[in-house]
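Reading through the structure tokens given below for one structure.
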There are 2 protein chains.
Amino acid sequence: MKSARQVFMEYLGDNGMSMTHQRRVIVETFLESEGHFTAEQLYTRVSSQVPDIGQATVYRTLKLLVESGLADAFDLGEGVTLYEHHYGHAHHDHLVCVECGRKVEIVDETIERRQAAVAQEHGFTLTRHRMVLYGLCPGCSGTG
Amino acid sequence: MKSARQVFMEYLGDNGMSMTHQRRVIVETFLESEGHFTAEQLYTRVSSQVPDIGQATVYRTLKLLVESGLADAFDLGEGVTLYEHHYGHAHHDHLVCVECGRKVEIVDETIERRQAAVAQEHGFTLTRHRMVLYGLCPGCSGTG
DNA sequence: CTATATGCAAACCATTTGCGCGCAA
DNA sequence: TTGCGCGCAAATGGTTTGCATATAG
């Protein structure tokens, strides 16, 4: 399997774009960042390593990361877009604690299968989906 | 079952709020509006009936409608919040055509059951969920 | 009367975009 | 050299909020 860097380089090449110092820093920082994070959080990390990289460039590069398949962008209903690694990572949905915000990655084959079936029943060709389960995590259940 | 108006009146009463001319118009217009619509669309409809009702009041009332359980607010990933009737309506998720935007309401008992099970497996008490399937509708499938 | 509501316009806030300079290939 | 890319700051756009006035009860 190609490395993430390689995938990004190819994406740039295929679209007549070039690798720049800024993009390299942002992509590296992105690849080193675990879990979910916002564009602003990534910007902060990038800035701590290399100041003078503009926020706009982080947003623009994040968009390229999504388009190239390296990143996944999603919204858990908190008004901000969250990003996470996508390339080489299995698909998953999210389970979110409405109390503390804790997020757990989930997958269920039965659900995945039924989603495709339901789409098909309506004549749709399913391309992707988004599922978020909201509830109280073990730690917050007793707090109610 | 109480009427939607009744539910709203009680909600207002329970929270020390009062029924006003504006709220009455907005709630009636909301109840007469079918399907999904944005705050702005509702505002437009309200204005056509009773001018001089501010957009802010529509937003504020829409929030009350959601809190009182009459409306459901959700985001299908298009950057705008959509609203629809909730009270007395069965839960459902959405199937959206990424080409033409067509929206179909869906429900699948198997999925619903598995969602609760998956949440439970992680010790979570499921309170609600959001699922959106994206794909190509029959009419757009051949367009590729 | 007194608290709540309203309209208006300004504020918000994450994200996008215009612009003139700068660097990659 | 020749555009693509960058930083900056201003613009966006849906939604929220502050404030002075108006109204429900």
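Just so we're on the same page: letters track the sequence lines, and every chain starts at 1.
A heavy-atom distance below 4.0 Å to DNA chain D is reached by these residues of residues 11-23 of chain B, ordered by number: B:Ser18, B:Met19. For DNA chain C, no neighbouring residue in residues 28-35 of chain B is found when judged by any heavy atom under 4.0 Å.
To the nearest 0.5 Å, atom NE2 of residue B:His89 and atom CD of residue B:Glu105 are 9.0 Å apart.
Under the 3.5 Å distance criterion, the side-chain polar atoms of B:Tyr87 are matched with a main-chain donor or acceptor of B:Lys2. Judged by distance alone, with hydrogens and angles left aside, the side-chain atoms of B:Thr127 form a donor-acceptor pair with the main-chain N or O of A:Tyr134 at under 3.5 Å. Between the side chain of A:Arg23 and the backbone N or O of A:Ser18 there is at least one donor-acceptor pair closer than 3.5 Å. Remark: the backbone N or O of A:Leu65 is paired with a side-chain donor or acceptor of A:Ser68 at under 3.5 angstrom. Of the possible polar contacts, one joining the B:His85 side chain to the B:Phe30 backbone as a donor-acceptor pair under 3.5 Å is found.
Residues A:Arg5 and A:Glu28 have side chains in contact (heavy-atom distance under 4.5 Å, counting atoms from C-beta outward). Between A:Val27 and A:Thr61, the closest side-chain pair of non-hydrogen atoms falls below 4.5 Å.
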Close N/O contacts between protein and nucleotides 13-19 of chain D (under 3.5 Å):
unit_1: D:dT15; atom_1: OP1; unit_2: B:Thr81; atom_2: N; d: 3.1
unit_1: D:dT15; atom_1: OP1; unit_2: B:Thr81; atom_2: OG1; d: 2.9
unit_1: D:dT15; atom_1: OP2; unit_2: B:Tyr59; atom_2: OH; d: 2.8
unit_1: D:dT16; atom_1: OP1; unit_2: B:Lys63; atom_2: NZ; d: 3.3

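The nucleotide range of DNA chain C contacted by chain A, defined by atoms under 4.0 angstrom from heavy atoms of the protein and reported 5' to 3', is C:dA14 to C:dA25.
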Could you list the donor-acceptor pairs under 3.5 angstrom formed between side-chain atoms of residues 38-45 of chain A and any protein atom two or more places apart in sequence or on another chain?
unit_1: A:Thr38; atom_1: OG1; unit_2: A:Glu40; atom_2: N; d: 3.4
unit_1: A:Thr38; atom_1: OG1; unit_2: A:Gln41; atom_2: N; d: 3.0
unit_1: A:Gln41; atom_1: OE1; unit_2: A:Thr38; atom_2: N; d: 2.8
unit_1: A:Thr44; atom_1: OG1; unit_2: A:Glu40; atom_2: O; d: 3.0
unit_1: A:Arg45; atom_1: NH1; unit_2: A:Ser33; atom_2: OG; d: 2.8

Donor-acceptor pairs under 3.5 angstrom involving side-chain atoms of residues 112-123 of chain A: please list them, not counting sequence neighbours.
unit_1: A:Glu112; atom_1: OE2; unit_2: A:His91; atom_2: NE2; d: 3.1
unit_1: A:Arg114; atom_1: NE; unit_2: B:Asp108; atom_2: OD1; d: 3.0
unit_1: A:Arg114; atom_1: NE; unit_2: B:Asp108; atom_2: OD2; d: 3.2
unit_1: A:Arg114; atom_1: NH2; unit_2: B:Asp108; atom_2: OD1; d: 2.4
unit_1: A:Gln115; atom_1: OE1; unit_2: A:His129; atom_2: ND1; d: 3.2
unit_1: A:Gln115; atom_1: OE1; unit_2: A:His129; atom_2: NE2; d: 3.3

- Query: Is there a side chain to side chain contact (heavy atoms under 4.5 Å, CB included) between B:His36 and B:Tyr83 once you walk through the steps?
  - Reply: CA-CA 5 Å; B:His36 321 106; B:Tyr83 298 86; over 6 Å; no
- Task: Evaluate salt bridge (Lys or Arg N to Asp or Glu O under 4.0 Å) for B:Arg130 paired with A:Asp75, printing each intermediate quantity in order.
- Result: CA-CA 11 Å; B:Arg130 213 107 253 184; A:Asp75 179 354; over 6 Å; no
